[in-house]
Protein chains: 2
Amino acid sequence: MLSWIMEFDRMNSAGYLVNNMARLLVEVLRKRIAPLGIVPGQFPALLALWEKDGLTQKELLAMLDIEQATLANTLTRMERDGLIARKEHPADARARTIHLTEKGRSIRESAYQTAMQINEEVLADLSVEETRAFLGYMRRVIGRIKEVEHGS
Amino acid sequence: MLSWIMEFDRMNSAGYLVNNMARLLVEVLRKRIAPLGIVPGQFPALLALWEKDGLTQKELLAMLDIEQATLANTLTRMERDGLIARKEHPADARARTIHLTEKGRSIRESAYQTAMQINEEVLADLSVEETRAFLGYMRRVIGRIKEVEHGS
DNA sequence: TACTATTACATAGTTAGCTATGCAATGTTA
DNA sequence: TAACATTGCATAGCTAACTATGTAATAGTA
């Protein structure tokens, strides 16, 4: 019943630790990319659009790990923030193609560097070997969760 | 420029991986605890209240890793859901003490077991040694992020 | 004792995730 | 070709995190 018992408990729960780590990381990212005029939720979409511009929402969605409705809302905010523009699709009136604006294109390098820098800083206490193992564990656990999710 | 290059990239970003893992885990937890009438955000507060009931919001806050406003909103939803009741503090009219209802108390064991079960399942592919290392890495990285956050 | 500062908590407004559902355009088929 | 099914995207409504700010009540002090 001493308080360190609970502390111990949380510190040994993968669920607690990963949640805590994710929240801390996203706040670090938020602060560092604020000067670029973007927020963390826009990062994955930007990464994809920097790779290939002019995609439809559906094509973009296939490159990301979020739900369609989440992407639709994120794109609306990105349009509001002047990062992208949506044009009518030449062949399908339901669809719209998504294009980076000059602003969206221009921040590519700094955004990319910022993200790399954060990854580097937060992993600074781990050796190269430990980092490799850590990332590997996360990939394995993610794979396992996806199995668990759909009844393995 | 081939698509596996981007894939490779994301799969080697600690930030991406931890965010993805956290989201997947919270959705598994959400599904599993839904029958108990609780949601993931209520879990940390419940764990703390099961340890010690009748705390003030401030005392509860000190046991958790969220902001005060987040807790206040979570407590409001917990009250709405019949998990807790708030009573006037005997000595301080600003404060209120937080008490588990019978419902809040009764789900303790099943909630605890569910969380333990999920942790076990998602770590099933890792050996005892690997699990120990994985949790250790997360604790070290979390410590590092907290340093990074406040300068240093 | 009357100001002033601090404290405890609540509220407002934003991001970002989710599911469920709506709607218009396109495709399919009887 | 008219009816129905599917598709692409948007919207509604929820949780849960954040910061900033408001509002009483309490505490401290000139």
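Given the structure is predicted, the values throughout are model-derived calculations rather than measurements. In what follows, chains carry the letters A, B, and so on, assigned in the order in which the sequence lines appear, proteins first and then strands, with residues in each chain numbered from 1.
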In residues 86-101 of chain A, which residues come under 4.0 Å of DNA chain D by heavy atom? A/Arg86, A/Arg94, A/Ala95, A/Arg96
The helix from C/dT1-D/dA30 to C/dA30-D/dT1: angle between terminal helix axes, five bp per end, to the nearest 10 degrees, reads 20°
With heavy atoms of chain A within less than 4.0 Å as the criterion, where does contact along DNA chain C begin and end? C/dT15 to C/dT26
Range on DNA chain D touched by chain B - first to last nucleotide, heavy-atom distance under 4.0 Å: D/dT15 to D/dT26
Taken in chain and number order and not counting sequence neighbours, the residues that satisfy salt bridge (Lys or Arg N to Asp or Glu O under 4.0 Å) with A/Glu67 are none
Quick one about B/Arg32 and B/Ser110 (side-chain donor to acceptor, distance below 3.5 Å, no hydrogens or angles considered), yes or no? no
Quick one: label A/Ile66 by what it contacts on the DNA or RNA (base, sugar-phosphate, nothing), any heavy atom closer than 4.0 Å. sugar-phosphate
Return the residues of residues 27-42 of chain B meeting this criterion: a heavy atom under 4.0 Å from some atom of DNA chain C. Order them by number, or give none. B/Glu27
Would you say B/Arg77 and B/Asn73 are linked by a side-chain donor-acceptor pair, where the criterion is simply a distance under 3.5 Å? no
Look at the aromatic rings of A/Phe134 and B/Phe134 and report parallel, tilted or perpendicular, splitting at 30° and 60°. tilted
So what does B/Thr56 touch, heavy atoms closer than 4.0 Å: a base, only the sugar-phosphate, or nothing? sugar-phosphate
Given that A/Arg80 and A/Asn73 both sit by DNA chain C, which one's nearest nucleotide is further toward the 5' end? A/Arg80
